[in-house]
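One structure below.
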Amino acid sequence: MKELPKVIYAWDNKYKVFLLYRNKKKERKIHVVKDFHWYFAVTKEDYEKIPKELLTKYANWSVVRNVDKTEDGYVKILCNRWSKTIYGFLEELKRYGVKPLEADMSLSKRYLIDNEIKIDENLKIGYFDIETDDRNGGIEIGRDRILSWAIVGDDGIEYYKSMEDEKQLLEKFAEAADIFDVIVGWNSLNFDMPYILKRMELHNIDASKLQKVMHVDFMMRLVKLFAPIMSILGLSGFSLNEVSKVFLKREKVQHEEKIYEMYENNKELLKEYNINDCKLVKELNDQMKTLFLMIKECAWTGSFLNKFYVGELLDNYILRDSKQHGHYLPTKPTVEEEAQNRLHKITGGYVKDPITGFYNNMRVFDFKSLYPTIIIGYNIGIDTLNRKIAVQARLDFKEWLGDRKIEKVDFDEWLNFLLEQKKKHDPEDKHYQTAINQYFVKDTKSIISSLVENLLEQRKEYKKRLDTLEEGTTEFANARAMQEVVKELANSMFGITADASSRYYDPLISESITITGQFWNRLSAKLFEGLGHKVLYADTDSIFTAIDDDAIMPELHKKMNVMLNDEVKKIFSLSLEKDLIDLEYEKKYEKLMLLDKKRYIGRLVWSNGKNVRLLHSRGTENVKKDTIKYTRKVFLEMIELILGGYACQEALDYVKKQRKEFFELETPIAEDFTIVKRLSKPMTDYKTFSRHVRLAKTLLKENKIVETKKMKVNWGERIYFIVTDAIDTNGQCLIENFKGKIDKDYYWRIQIFSPMRRILKVVYPDIDWDKYEDNARYEQSSLFT
DNA sequence: GCGGACTGCTTACCT
DNA sequence: ACAGGTAAGCAGTCCGCG
């Protein structure tokens, strides 16, 4: 193969690389590469540290095959990756102070990067689903036989099989799947795929028959995209039925009978049901273009669909770029190194102690792309950090900070410390100094900063292009997709420098980013206050200040940006032609109750340049899923009344009224008082047993719920319960066992009044709200009023 | 034996 | 299997107490 075609998918088998591609006739073909050798790299300086005997020893053990010194600055050590001794070799090298580079790579990943192989975007997609014998009840992967399968192509062609002979059924599935580049299912990573593989194993069918087909679990992607905004979408869960209802206004095919009964008595309905599930997933994708976007991201970064994780995408993207520049990156940490990395806690964003209160005309400013901006501005990267300065500079910073937390340190003291340190460590001004007193060279651009810069630049371009294109056209969809792609990648760059399992992990780097973010935020607070605007709250990249006059806002916004850019450039001697920092004026609340860190609620009237009028809340009870329905209703009602201008006395009367109504409630409805809590881990991992865990224990024994898996993506079951006696640790019942008894005192104190009181205390601080908590105490005190 | 102070666990949220 | 920061509620423990 002279001109390498775009590749659909690639894998390796010890010493061979398999490249799947489409020929001129659009047929799927495999190209096998037999003469590509695995290697890792070390720098030339590191190579000198390796004793010759060590290399000879491992060469004699057939671990080291060859040494390639042809590249600038690096030596490639060609090895037999499948020798177990390789790990001993790498460890031994580390003992000599040698850092093996990119020694974690698979053979195929290495090949794709070295040969700059492009990824094909024209993938043939099949949506698949299986049905299994459900007579035994409960779900256990591979326990019962598969009754049928269906695949629906993106061209709409349907494939379906159902037969007695399961072995043949599975063979047919492998055959049918093989014409697709990728098969897409719903929760298929945890159900369909492992089920099929288990049953294939049972029938001694070679699993490699499915090797050539990538697999995507569509549910997992949607969970990632929509889990944070479920309530906005009106989405209560991620069953296929629920998601279809919300996005497609359609439901799954209804059936009264069990799957097995359909298989026995109503084969047509089973077929319809099975195929329909595939179609639903297809229609979801047709509507949202999710796979289209994922495929774009893969082609852009040089990754494959079945390894679609931000970390993996970025890794490929960075590795390819650095290879082009003739650089090799660190090896991913071993399990032990990763555990070691985790022990070190990295400081994150700045959260100001809020000045709580009920405010008029609260304005929110927001740093656009805060962390990407910092990466670019200070040329941050592993390749630009001056390690010679780093050690002493770190010690100086630690000594100065002492046991204080950085957010508690006086801002001017911090500023002065940094200015002094700059003189000490970098008198010739050859570096950018970050707010954690680390120094990044100015003269060569770091890999990640140029990538992030490129990504942000691209994003601007796509946004510009979007304005010129017509909505609904393919070009528009393309541009928007790419805009999303570059945004996600730029924003994730920080994440991988703080990820203990990543080759880019480095606390000096990630804290250079986060703590400089803290510094910028506090600097902007200082500037706001210099202009007479008191900052009331701030979280990471946002600043809250109350300003009555709308007319001054455009001017203030402009002024703040000029000042911020000037100050930052001056303090850190950033030699930037254009202004990097973009502090946007983002929101206006006509009224806002600022309750606590990460908790506020108010009337939003202006957002991102548009007039709006809606209740907007963060972290308050109405947004939390474990709030009971009754509280949600009363709480929101009270908020509306307060926003509507309730006076103190009116609020007091309202609380009294609510209290009375609640205690006079004769037959509480279960629905109103159900507490919902989710399990987060396997039962054996629990150290304490709260009410929902106690209930779950029994449910688990009775096989009514399934054990929570350790994987992060797989949420545990939700437990719906009611507290009947708060004193008793077993004073709770499941919603289905509700007999009409609730612990009224508990519900009033904890579930209903407590959230209300948090608001009332802030809005009407002069009243002693505590006495309305305890029923008995209230009765007593009311005797005297 | 019981209650208050305290610690750490758990869940769910915010940026 | 990209991060840290935080509130609230409560389980569990320790301690004092003639």
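These numbers come from the heavy atoms of this one structure, side chains and all, not from hydrogens, waters or symmetry mates. Every chain is numbered from 1, with letters handed out A, B, ... down the list of sequences.
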| query | Under 4.0 Å between a side-chain N or O of A:Lys597 and OP1 or OP2 of C:dT6? | reply | yes

| message | Looking only at the side chain of A:Thr347 (C-beta and beyond, no hydrogens), which of the listed nucleotides B:dA12, C:dC10, C:dG5 gets closest? | response | C:dG5

| Looking for any heavy atom pair under 4.0 Å, which part of the strands does A:Gly348 touch: base, sugar-phosphate only, or nothing? | sugar-phosphate

| task | Give me the ring orientation class for A:Tyr600 and A:His616: parallel if the planes are under 30° apart, tilted from 30 to 60°, perpendicular past 60°. | result | tilted

| query | Does A:Arg758 put a side-chain nitrogen or oxygen below 4.0 Å from OP1 or OP2 of C:dA8? | reply | yes

| Of the nucleotides B:dA12, C:dC2, B:dC14, which has the atom closest to the A:Arg678 side chain? | B:dA12

| task | Identify whether any heavy atom of A:Ser754 sits under 4.0 Å from a base atom; if not, whether one sits that close to sugar-phosphate; answer base, sugar-phosphate or nothing. | result | sugar-phosphate

| said: Once you apply a heavy-atom cut-off of 4.0 Å, does A:Tyr746 come out as touching a base, just sugar-phosphate, or nothing? | reply: sugar-phosphate

| Do the rings of A:Trp11 and A:Tyr9 sit parallel, tilted or perpendicular, given the 30° and 60° boundaries? | tilted

| Between C:dA3 (P) and A:Tyr505 (OH): distance, integer Å | 11 Å

| said: Using a heavy-atom cut-off of 4.0 Å across all strands, would you classify A:Tyr350 as base, sugar-phosphate, or nothing? | reply: nothing

| task | Taking only the side-chain nitrogens and oxygens of A:Tyr537, find out if one of them lies under 4.0 Å from OP1 or OP2 of B:dC14. | result | no

| request: In whole angstrom, give the distance that lies between atom CD1 of A:Ile675 and atom C1' of B:dT11. | output: 13 Å

| request: Is it possible for you to check whether A:Arg691 lies under 6.0 Å from the centre of the six-membered ring of A:Phe721, through NZ or CZ, and within 45° of that ring's axis? | output: no

| At under 4.0 Å between heavy atoms, what does A:Leu370 touch on the DNA or RNA strands: base, sugar-phosphate, or nothing? | nothing

| task | Would you mind reading off the distance between A:Lys408 atom NZ and C:dT6 atom P, rounded to a whole angstrom? | result | 8 Å

| request: Measure the distance from CD on A:Gln518 to P on C:dG5 and round it to the nearest whole Å. | output: 8 Å

| message | Using the ring centroid of each side chain, check whether A:Tyr747 and A:Phe662 are separated by less than 6.0 Å. | response | no

| said: Please classify the nucleic acid contact of A:Phe689 as base, sugar-phosphate, or nothing, using heavy-atom distances under 4.0 Å. | reply: sugar-phosphate

| request: Could you tell me the separation between the CG atom of A:Leu679 and the C1' atom of B:dC9, rounded to a whole number of Å? | output: 15 Å

| task | Could you check whether A:Val351 gets within reach of a base, just the sugar-phosphate, or nothing at all, counting any heavy atom under 4.0 Å? | result | sugar-phosphate

| When the ring planes of A:Phe753 and A:Trp748 are compared, do they come out parallel, tilted or perpendicular, using 30° and 60° as the limits? | parallel

| query | C:dG12, B:dA12, C:dA3: which one has an atom nearest the side-chain heavy atoms of A:Lys624? | reply | B:dA12

| field | Closest nucleotide among C:dC2, B:dC13, B:dT15 to the A:Asp539 side chain | value | B:dT15

| said: Need one value for A:Tyr600: base, sugar-phosphate or nothing, where a base atom within 4.0 Å counts as base even if backbone is also close, heavy atoms only. | reply: sugar-phosphate

| Closest to the A:Lys598 side chain: B:dA12, C:dG9, C:dG4? | C:dG4

| field | Aromatic plane relationship, A:Phe367 with A:Trp520 - under 30° parallel, 30 to 60° tilted, over 60° perpendicular | value | tilted

| request: Using a heavy-atom cut-off of under 4.0 Å over every strand shown, decide if A:Ile346 touches base, sugar-phosphate, or nothing. | output: sugar-phosphate

| said: Of the options C:dA7, B:dT15, B:dT10, whose atoms approach the side-chain atoms of A:Lys681 most closely? | reply: B:dT10

| message | So if I take every side-chain heavy atom of A:Arg691 and compare against C:dA3, C:dA11, B:dT10, which nucleotide ends up nearest? | response | C:dA11

| said: Looking at B:dT15, I'd like to know if its phosphate oxygens (OP1 or OP2) sit under 4.0 Å from a side-chain N or O belonging to A:Arg618. | reply: yes

